[in-house]
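The structure appears right after this line, and notes come after that.
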Amino acid sequence: MVREIDDTQRETSSSRLIAEICYYISFAALKRLWEKGEISEALFKRINVGIAEKYGVLKYSI
């Protein structure tokens with residue numbers, strides 16, 4: 001049996017995937033700044049929450 005996916009479902013899935021990828025890239029860059037000591041852990045956590053909220057995804061933790 002072939003299951004058809006309408007364009008709305010496909011667009012939603014694509015949008016979620018793009019949001020996850022964008023968040024991951026931002027998280028990786030932010031984590032690198034924290035690891036280099038350029039930002040504090042407290043600031044890292046605050047920015048991380050803001051980025052996760054912006055993209056509408058669950059946040060990663062260190």
Side-chain angles (χ1 to χ4, degrees):
M1 183 165 103
V2 176
R3 184 173 162 223
E4 292 185 25
I5 299 174
D6 66 18
D7 288 338
T8 305
Q9 285 179 318
R10 187 171 290 128
E11 183 177 312
T12 302
S13 296
S14 296
S15 297
R16 287 182 185 162
L17 178 60
I18 290 169
E20 282 287 343
I21 292 168
C22 290
Y23 171 68
Y24 178 79
I25 292 167
S26 299
F27 175 82
L30 183 63
K31 185 176 177 187
R32 184 171 297 153
L33 290 174
W34 173 69
E35 289 172 339
K36 288 181 175 181
E38 294 181 24
I39 61 173
S40 68
E41 184 175 350
L43 182 58
F44 170 86
K45 288 179 179 181
R46 287 192 356 231
I47 295 172
N48 187 36
V49 169
I51 294 170
E53 288 175 354
K54 176 183 189 266
Y55 289 113
V57 298
L58 297 176
K59 68 180 181 67
Y60 297 145
S61 60
I62 53 171

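Quantities reported herein were computed from a predicted structural model and do not represent experimental measurements.
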Original post:
Are Tyr55 and Ile21 linked, directly or through other ILVMFWY residues, by side chains that come within less than 4.5 angstrom of each other?
Top reply: no
Original post:
Between the side chain of Asn48 and the main-chain N/O of Phe27, is any donor-acceptor distance below 3.5 Å?
Top reply: no
Original post:
Quick one: are Lys31 and Phe44 in side-chain contact, heavy atoms under 4.5 Å?
Top reply: yes
Subject >> Tyr23 side chain to Tyr60 backbone, donor-acceptor under 3.5 Å >> reply: yes
Subject >> Side-chain heavy-atom pair Lys45, Val49 within 4.5 angstrom cut-off >> reply: no
**OP:** Answer with yes or no whether the hydrophobic clustering places Leu33 together with Leu43; edges join I, L, V, M, F, W, Y residues whose side-chain heavy atoms lie under 4.5 Å apart.
**Re:** yes
**OP:** Report, as yes or no, whether the 6.0 Å neighbourhood of atom CG on Leu17 holds more than 12 heavy atoms from other residues, nucleotides or ligands.
**Re:** yes
Original post:
Atom CD1 of Ile25 and atom CD1 of Ile51: how far apart are they, to the nearest 0.5 Å?
Top reply: 11.5 Å
